[in-house]
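Structure first, then comments.
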Amino acid sequence: MGSRLVTWNVLGTSTLLFLFLFSWFSSVTASVTYDQKAIVINGKRRILISGSIHYPRSTPEMWPDLIQKAKDGGLDVIQTYVFWNGHEPSPGKYYFEGRYDLVRFIKLVQQAGLYVHLRIGPYVCAEWNFGGFPVWLKYVPGISFRTDNQPFKAAMQGFTKKIVDMMKAERLFQSQGGPIILSQIENEYGPVEWEIGAPGRAYTKWAAQMAVGLGTGVPWVMCKQDDAPDPVINACNGFYCDWFTPNKAYKPKMWTEAWTGWYTEFGGPVPHRPAEDLAFSVAKFIQKGGSFVNYYMYHGGTNFGRTAGGPFISTSYDYDAPLDEYGLLREPKYGHLRDLHKAIKLCEPALVSTDPTVISLGNNQEAHVFKSRSGACAAFLANYDSRSYATVAFGNMHYNLPPWSISILPDCKNTVFNTARVGAQSSQMKMTPVYRGFSWQSYNEETASYDDNSFTTVGLLEQINVTRDASDYLWYMTDVKIDPNEAFLRNGQYPVLTVLSAGHALHVFINGQLSGTVYGSLENPKLTFSDKVKLIAGINKISLLSIAVGLPNVGPHFETWNAGVLGPITLKGLNEGQRDLSWQKWSYKIGLKGETVGIQSLSGSSSVEWEVSSVAQKQPMTWYKTTFNAPGGNEPLALDMGSMGKGQIWINGESIGRYWPAYKAYGSCGGCNYAGTYDEKKCRSNCGEASQRWYHVPRSWLRPTGNQLVIFEEWGGYPNWISLDKRTVQSVCADIYEWQPTLTNWELQSSGKVQRPLRPKAHLWCSPGTKISSIKFASFGTPQGVCGSFQEGSCHAHKSYDAFQRNCIGQQTCSVTVAPEVFGGDPCPSTMKKLSVEAICS
């Protein structure tokens with residue numbers, strides 16, 4: 001009390017009053033709370049649009065551009081997980097540099113004027129290796145993951161507190177004036193809790209109390225957790241979340257993961273989610289009272305190094321996101337969602353003020369109307385029929401609703417956006433070789449032998465317990481003695497070797513020669529090798545190279561799942577019948593010789609003798625090395641690995657990741673209709689082709705000259721066919737109906753600049769540095785198809801090309817009004833027409 005009086009006397013009444021008011025004002029204006037309608041920031045309810053960008057899945061040099069594009073796309077918030085295994089690779093040894101510089105990433109988001117939702121977890125799932133847990137955690141005595149287990153809770157709390165304290169030290173929580181407005185503890189734990197019962201419920205309660213007790217000053221969230229304890233908000237993840245209701249009436253309706261697509265697995269087709277359906281799902285959530293939507297992913301990026309989980313998750317984590325793996329706009333998804341966000345923001349005053357009134361407009365049609373006391377009015381008109389158009393009456397007017405669509409009316413009168421009417425430009429991307437004909441050197445990886453780096457024991461050992469995930473590779477080696485009197489040596493009917501493995505891939509070598517390869521899949525990672533093997537009289541060396549393709553990231557107690565050769569291993573067809581090899585002496589060697597000497601690094605590559613005379617084709621277990629100069633320009637780059645089998649890639653010692661183009665995509669692919677409920681098996685491509693052919697090479701990893709590329713090939717491929725490609729826009733398209741509602745039209749009308757609706761315009765623009773060189777297709781009438789494969793319909797205006805030839809050739813951008821008089825007249829009166837156009841950029 002005395003010190004306060006001293007301060008008062010020294011500073012004077014007016015100064016102290018100023019400081020008091022400043023302190024009070026700061027506390028009021030830097031606050032985040034919530035009520036039943038929305039997250040409340042600085043006393044104001046907000047409709048928040050968020051997008052997931054995971055900092056380790058891109059490079060720091062890419063971050064500013066990704067964040068700015070997210071902002072330009074209408075986002076308010078950037079959401080990211082925190083990746084424990086990247087930040088604490090060994091107990092107590094922390095790493096927050098390079099792609100793991102979390103503070104730098106968050107400050108860049110803040111500089112862009114956006115908020116952050118920090119999902120500390122620390123379990124992340126995320127198709128990330130081991131779900132984000134460091135592998136050393138598995139070996140803490142007495143530990144059991146994600147349950148009421150003291151060793152796990154102590155470790156989890158320690159890392160969570162580490163991150164919270166770091167954020168506090170940098171004053172990054174909104175309560176300190178920073179950008180972080182929300183945090184998340186745990187992740188999609190509800191299904192696990194349901195399966196394990198009481199220990200799970202106790203763990204949920206503990207996790208919530210622990211997190212809230214850290215005093216971040218911002219709300220905590222638990223997703224897919226129906227019993228999230230107060231004050232933690234429970235939230236929804238999924239393709240659709242309009243059905244979701246918070247577990248307490250005073251909590252807002254939040255969608256933490258609106259899935260923009262799905263991940264790709266090696267051996268699986270590439271999933272795509274139509275922009276129209278994604279916009280429909282978001283509009284439906286908002287019309288049902290939702291106030292926070294996060295796109296998972298907004299930029300998926302790349303699983304560099306050995307970070308991909310699964311197993312069998314591909315190196316590309318593109319996710320069909322609005323920003324593609326390389327950070328380029330995926331059109332029309334990016335633009336269509338940008339227009340959706342603008343329309344929703346126009347409705348915000350009404351949306352945050354009241355609950356909607358629901359009005360039936362037909363069997364599968366309804367209106368959600370928001371009217372505030374201040375006079376704000378917004379309406380969402382929905383047609384849930386996936387096949388038929390609907391004309392509905394609302395407010396003394398009639399509205400035409402396409403199938404499976406929602407129209408947004410920010411003044412309850414004028415439509416500014418319909419989820420099925422895409423006004424944004426579409427684009428076709430292409431990969432163009434900029435460097436091919438590399439001069440390769442090769443080095444043959446030796447089949448493992450008994451040396452100082454190997455050890456011997458009786459029986460078979462589990463792979464992860466041996467490698468601690470230091471390498472994808474573990475050698476299992478044993479000797480088999482064959483008597484010279486074996487019958488098969490005379491008749492040539494060699495015995496059958498059968499090996500059962502817990503996956504994920506296996507190479508079998510007999511006396512140093514590759515005898516066969518087997519591999520599993522995401523659905524069934526376990527595998528069996530069973531084939532005749534050529535044995536000789538005397539001692540035969542059997543070497544099994546067991547290969548992990550990412551550790552599991554999801555499932556109850558996934559830390560107990562096994563990998564590697566667990567047997568049994570048998571030889572059948574000997575004089576003695578069947579011999580069980582499982583319990584004889586086996587020797588083990590972790591990793592490859594090339595890994596041991598660091599052959600992939602700039603310094604380690606000189607530690608072996610490379611063959612320069614010729615490069616072997618289809619040679620398994622081979623390292624390849626070359627050098628190249630960085631190509632000019634700033635287009636994203638990728639290696640075309642379509643001619644190779646399976647292995648890993650390094651550029652200047654940085655790991656691009658695993659490649660596996662030889663694993664062709666299996667499953668069903670075909671046409672894609674946006675209408676109707678979406679799931680990850682709808683709208684897929686690449687069946688019968690490589691699941692992933694191109695592998696992202698960040699430009700920031702390149703030097704002007706002398707870049708070293710190192711590849712390890714397990715199966716055998718054709719390295720002379722590898723090329724370095726650039727990713728560019730090949731063509732741009734517009735596909736717009738006449739009288740299609742646009743935001744520009746509404747803004748002009750609401751400002752009084754025009755009295756009646758204007759015709760929409762087709763806007764085309766090429767990337768900077770390129771121009772429209774030709775018009776590949778143009779048709780005003782009833783054209784069919786999609787960008788890249790348009791066709792004329794039964795109705796076509798014969799002067800459809802003229803306006804584009806005149807206004808667009810030689811220009812980077814152009815626009816043409818969608819009206820009959822522009823194309824020489826109406827080719828089919830009384831028919832709803834549209835314009836489809838494709839222009840080539842070069």
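Atoms considered below: every heavy atom in the structure, side chains included; atoms not considered: hydrogens, waters and symmetry mates.
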- Query: Under the salt bridge (Lys or Arg N to Asp or Glu O under 4.0 Å) test, which residues partner Asp227, sequence neighbours left out?
  - Reply: none
- Message: Which heavy atom of Leu337 sits nearest to which heavy atom of Pro322, and what is that distance?
- Response: CD1-CG, 3.8 Å
- Task: Answer yes if the ring centres of Tyr263 and Tyr317 are under 6.0 angstrom apart, and no otherwise.
- Result: no
- Considering residues at least two apart in sequence or located in another chain, which fulfil the side-chain contact (heavy atoms from CB on, under 4.5 Å) criterion with Gln68? Lys71, Asp72
- Query: Are any non-hydrogen side-chain atoms of Ile656 and Pro698 less than 4.5 angstrom apart?
  - Reply: yes
- Query: Checking Thr315 side chain against Arg658 main chain: does a donor-acceptor pair fall under 3.5 Å?
  - Reply: yes
- Centroid-centroid under 6.0 Å between Trp694 and Tyr326 rings: no
- Query: Looking at residues at least two apart in the chain, or sitting in another chain, which of them share a side chain to side chain donor-acceptor pair (under 3.5 Å) with Arg306?
  - Reply: Asp469, Asp472
- Message: Could you work out, with salt bridge (Lys or Arg N to Asp or Glu O under 4.0 Å) as the rule, every residue matching Asp318, not counting sequence neighbours?
- Response: Arg330
- State yes or no: are the ring centers of Phe130 and Phe558 separated by less than 6.0 Å? yes
- Considering all heavy atoms of both residues, which atom of Val192 and which atom of Arg146 are nearest to each other, and what is their separation? CG2-NH1, 3.9 Å
- Query: Are the aromatic ring centres of Phe239 and Trp262 under 6.0 angstrom apart?
  - Reply: yes
- Query: If we ignore angles and hydrogens, is there a donor and acceptor under 3.5 Å between the side chains of Tyr139 and Asn465?
  - Reply: yes
- Task: Mind telling me whether Tyr81 and Tyr296 have parallel, tilted or perpendicular rings, with 30° and 60° as the class edges?
- Result: perpendicular
- Any donor-acceptor pair under 3.5 Å linking the side chain of Ser175 with the backbone of Thr216? yes
- Centroid-centroid under 6.0 Å between His87 and Tyr55 rings: yes
- Message: Applying disulfide (SG to SG under 2.5 Å) as the test, list every pair that has at least one member in residues 184-240; sequence neighbours left out.
- Response: Cys236-Cys241
- Is the ring centre of Tyr34 less than 6.0 Å from the ring centre of Phe292? no
- Query: Would you say the side chains of Ser691 and Asn686 form a donor-acceptor pair under 3.5 Å?
  - Reply: no
- Residues two or more places apart in sequence or in another chain: which of them pass side-chain contact (heavy atoms from CB on, under 4.5 Å) with Val466? Phe455, Leu461, Leu474, Ile590
- Task: Name all residues meeting the salt bridge (Lys or Arg N to Asp or Glu O under 4.0 Å) criterion together with Asp277; count only those two or more places apart in sequence or in a different chain, and write none if there are none.
- Result: Arg273
- Give the minimum heavy-atom separation between Ile464 and Glu462, together with the two atoms involved. N-OE1, 2.9 Å
- Using only heavy-atom distances, determine whether the side chains of Thr307 and Asn129 contain a donor-acceptor pair under 3.5 Å. no
- Message: Please find the pair of heavy atoms, one from Ser281 and one from Tyr240, that lie closest to each other, and give the distance.
- Response: CB-CD2, 3.5 Å
- Message: If the condition is salt bridge (Lys or Arg N to Asp or Glu O under 4.0 Å), which residues does Lys248 pass it with, not counting sequence neighbours?
- Response: Asp230
Please list every donor-acceptor pair under 3.5 Å in which a side-chain atom of residues 92-110 meets a protein atom from a residue at least two apart or in another chain.
unit_1 : atom_1 : unit_2 : atom_2 : d
Arg99  : NH1    : Pro56  : O      : 2.4
Asp101 : OD1    : Arg104 : N      : 3.1
Lys107 : NZ     : Glu170 : OE1    : 2.8

- Item | Ser50 side-chain N/O to Val293 backbone N/O, donor-acceptor pair under 3.5 Å | no
- Could you tell me whether Glu559 and Lys138 have a side-chain N and a carboxylate O separated by less than 4.0 Å? no
- Task: For residues 158-181, pull every pair meeting ring pair (Phe, Tyr, Trp, His ring centres under 6.0 Å), keeping only residues two or more places apart or in separate chains.
- Result: Trp84-Phe159
- Item | Student check: side-chain heavy atoms of Arg119 and Val124 closer than 4.5 Å | no
- Main-chain N/O of Ser144 paired with Asn149 side-chain donor or acceptor, under 3.5 Å: yes
- Query: For the side chain of Thr302 and the backbone of Phe304, is there at least one donor-acceptor N/O pair under 3.5 Å apart?
  - Reply: no
- Item | Pairing residues for Asn303 by the side chain to side chain donor-acceptor pair (under 3.5 Å) criterion, not counting sequence neighbours | Arg57
- Quick check, are the ring centers of Tyr295 and His341 under 6.0 angstrom apart? yes
- Item | Residue pair Val116 / Leu172, side-chain heavy-atom distance below 4.5 Å | no
- Any side-chain donor paired with an acceptor under 3.5 Å for Trp136 and Ser90? no
- Are Glu193 and Gln225 close enough that a side-chain donor and a side-chain acceptor fall under 3.5 Å? yes
- Is there a side-chain contact between Ile233 and Pro246, using heavy atoms and a 4.5 Å cut-off? no
- Are the ring centres of Trp660 and Tyr519 closer than 6.0 Å? yes
- Query: Among all residues two or more places apart in sequence or in another chain, which pass the side chain to side chain donor-acceptor pair (under 3.5 Å) test with Ser316?
  - Reply: Glu325
- Item | Ring centre gap for Tyr189 and Tyr203 strictly below 6.0 Å | yes
- Message: Quick one, Ser546 and Tyr476 - any side-chain contact, counting heavy atoms below 4.5 Å?
- Response: yes
